[in-house]
Amino acid sequence: MKEGAGDCSVQPKVEKEDVQPPLPLAPTNRRRRRQVKVEYDEGAAGLGKQIECWEPADWRRQLGHIREMRSSRDAPIDSMGAERCYDLKAPAHVRRYQVLVSLMLSSQTKDQVTAAAMQRLRAHGCTPLNVLNTDDDTLGKLIYPVGFWRTKVKYLKRTSELLQQELGGDIPASVEGLVGLPGVGPKMAHLAMAIAWDQVSGIGVDTHVHRISNRLGWTRTLTKNPEQTRKALEDWLPRDLWSEINWLLVGFGQQVCQPVSPLCSLCLNQHSCPSAHQTSPAKRPKAGSQHPENTLSSSSRVELKKKEEEDAQYISPNAQIRKPKE
């Protein structure tokens, strides 16, 4: 044997440790849990701090279905909503004022009634000065039969006076300034910012958005009023969807997800909505048949009225609706 041959000796083979086979996957037919996004606070004070961001399960597909059901754009809001009630030929500050007026009139009022009232007001002259120079009886006749029309006459007069004195007839360019006006709540303020100023400040939540969000499970817990629903939605819904969600859900609520007897059998979300088919009729009412609300029992009417009145946060519940004197 040559010198140095021992340097090339073969090392003994090392046996690998036994590897346990992977565990079988859990059954896939379990009920899906609500999704929780995990984010990290990158601020100096909370560097690396884990933050849980809740979001509803399957909400993106549900939203896509609602977009599909709203693709025809033939709900009342599409042709008679606040963004359709102002004079396109009027000066910019007058258009913004008319947007605000239409939103004030729309509370507790169907879009068809609001649009007709705005048409009469515009023919009369819907500017702060004209409203101020119009006596209460005449103004009442112009906006009747919007809900709580007597109270809204007072709100329109007081708001028009403030706008004329402080802003030369224009409307505030902030949510804080808008909600400081008589008769203007958060929903109206956020919608006014979007329509009049083209700025997304928050989600406009009315009774339709409030009802549908709770039915779909889009709030982490059940909310009691539209303002709670707004905060709950803004906690998880991406900001680039805020301006779209009101228009989508209001029209969806007017046509399919109605307050009483929702048409679940026609809804593309009927298999994922936790509230589906609880009070739904089997099929769409025939043409010429009575609206579901016209066939309600007295107890159901009381329940519906109670739900509708939840959104009247800034309108006096004691205001009486009477037809103005001729």
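What you see is a predicted model; the values in this text were computed from it and never measured. Values reported hereafter were calculated over all heavy atoms of this structure, with side chains retained and with hydrogens, waters and symmetry mates removed.
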Q: For the pair Asp136 and Arg150, find out whether any cationic side-chain nitrogen is under 4.0 Å from an anionic carboxylate oxygen.
A: no
Q: Please step through side chain to side chain contact (heavy atoms under 4.5 Å, CB included) for the pair Val184 and Leu103, ending with a clear verdict.
A: CA-CA 8 Å; Val184 179; Leu103 289 169; over 6 Å; no
(Q) Test your reading of the model: is there a side-chain donor-acceptor pair from Arg73 to the backbone of Asp78, 3.5 Å cut-off? (A) no
Q. In chain order, what residues pass the side-chain hydrogen bond (donor to acceptor under 3.5 Å, both in side chains) check against Ser72, with sequence neighbours excluded?
A. Asp74
Q | Enclosure of Lys157 NZ (heavy-atom neighbours >12, cutoff 6.0 Å) | A | yes
Q: List in chain and number order the residues that pass side chain to side chain contact (heavy atoms under 4.5 Å, CB included) with Thr134, two or more places apart in sequence or in another chain; answer none if no residue qualifies.
A: His124, Thr138, Leu139
Q | Spacing of Ile143 atom CD1 and Met104 atom CE [to the nearest 0.5 Å] | A | 9.5 Å
Q) Of all heavy-atom pairs between Gly177 and Ser174, which one has the smallest distance, and what is that distance? A) N-OG, 3.1 Å
Q: Answer whether the closest heavy-atom distance between the side chains of Gln98 and Arg122 falls below 4.5 Å.
A: yes
**Q.** Rounded distance (nearest 0.5 Å) linking atom CG of Asp206 with atom CG of Leu249
**A.** 9.0 Å
Q.
Which residues pass the side-chain hydrogen bond (donor to acceptor under 3.5 Å, both in side chains) test with Arg211, not counting sequence neighbours?
A. His208
Q: Output every pair passing side chain to side chain donor-acceptor pair (under 3.5 Å) with a member in residues 81-94, not counting sequence neighbours, ordered by first then second residue.
A: none
Q: Check salt bridge (charged side-chain N to carboxylate O under 4.0 Å, His left out) between Asp111 and all other residues, then give those that pass, not counting sequence neighbours.
A: none
(Q) How close do Arg95 and Ala90 get, counting heavy atoms only, and between which atoms? (A) NH1-O, 2.7 Å
Q. Can you tell me how far OG of Ser272 sits from CG of Asp58, rounded to the nearest 0.5 angstrom?
A. 5.5 Å
Q.
Minimum heavy-atom separation for Ala115 and Cys85, please, with both atom names.
A. CA-SG, 4.0 Å
Q: Mind running side chain to side chain contact (heavy atoms under 4.5 Å, CB included) on Glu161 and Gln165 for me, showing each step along the way?
A: CA-CA 6 Å; Glu161 183 178 9; Gln165 291 178 351; 3.4 Å; yes
Q: Identify which one of Gln62, Arg215, His65, Arg61 satisfies the side-chain hydrogen bond (donor to acceptor under 3.5 Å, both in side chains) criterion when paired with Asn269.
A: His65
Q | Qualifying residues under side chain to side chain contact (heavy atoms under 4.5 Å, CB included), relative to Pro128, sequence neighbours excluded | A | Tyr97, Ser160, Gln164
Q.
Within the structure provided, determine whether Leu100 and Leu181 are in side-chain contact (heavy-atom separation under 4.5 Å).
A. yes
Q.
So, using side-chain hydrogen bond (donor to acceptor under 3.5 Å, both in side chains) as the criterion, who are the partners of Gln270 when residues are at least two apart?
A. His277
Q. Do any pairs count as a side chain to side chain donor-acceptor pair (under 3.5 Å) and have a residue in residues 189-204, sequence neighbours left out, and if so which ones?
A. His190-Ser201
Q) Are Val205 and Asn246 close enough that some pair of their side-chain heavy atoms sits under 4.5 Å apart? A) no
Q: Evaluate the side-chain proximity of Thr114 to Met80: yes if any heavy-atom separation is below 4.5 Å, no if none is.
A: no
Q | Reported OG1-to-CH2 distance for the pair Thr109 and Trp149, which is rounded to 0.5 angstrom | A | 13.0 Å
Q. Roughly how far, to the nearest 0.5 Å, is the CG atom of Leu216 from the CH2 atom of Trp59?
A. 12.5 Å
Q) Is the closest side-chain heavy-atom distance between Met193 and Val200 below 4.5 Å? A) no
Q. Sequence neighbours excluded, which residues qualify as side chain to side chain contact (heavy atoms under 4.5 Å, CB included) partners of Leu167?
A. Leu163, Asp170, Pro172
**Q.** Set of residues satisfying salt bridge (charged side-chain N to carboxylate O under 4.0 Å, His left out) with respect to Arg230, sequence neighbours excluded
**A.** Glu227, Glu234
Q) If we only count heavy atoms from C-beta on, is the Leu63 to Leu248 side-chain gap below 4.5 Å? A) yes
(Q) Would you say that Cys267 contacts Met69 through its side chain, given a criterion of any heavy-atom pair below 4.5 Å between the two side chains? (A) yes
Q | Under the side chain to side chain contact (heavy atoms under 4.5 Å, CB included) test, residues paired with Ala116 that sit two or more places apart | A | Arg120
Q. How about Leu233 and Val209: do any of their side-chain heavy atoms sit closer than 4.5 Å?
A. yes
Q: Report the residues that fulfil salt bridge (charged side-chain N to carboxylate O under 4.0 Å, His left out) with Asp235, sequence neighbours left out, ordered by chain and then residue number.
A: none
Q. Would you say Trp218's side chain and Glu55's backbone share a donor-acceptor pair under 3.5 angstrom?
A. no
Q: Could you give me the CA-CA distance, side-chain angles and deciding distance for Leu105 and Leu121, then say whether side chain to side chain contact (heavy atoms under 4.5 Å, CB included) is met?
A: CA-CA 11 Å; Leu105 296 182; Leu121 270 179; 3.9 Å; yes
Q: Compare every heavy atom of Gly183 with every heavy atom of Met188, then report the nearest pair and how far apart it is.
A: SD-O, 3.3 Å
**Q.** Interatomic spacing from CD in Gln228 to CG in Leu222 - rounded to 0.5 Å
**A.** 10.5 Å
Q: State, to 0.1 Å, how close Pro182 and Leu162 come at their nearest heavy-atom pair, and which atoms those are.
A: CD-CD1, 3.7 Å
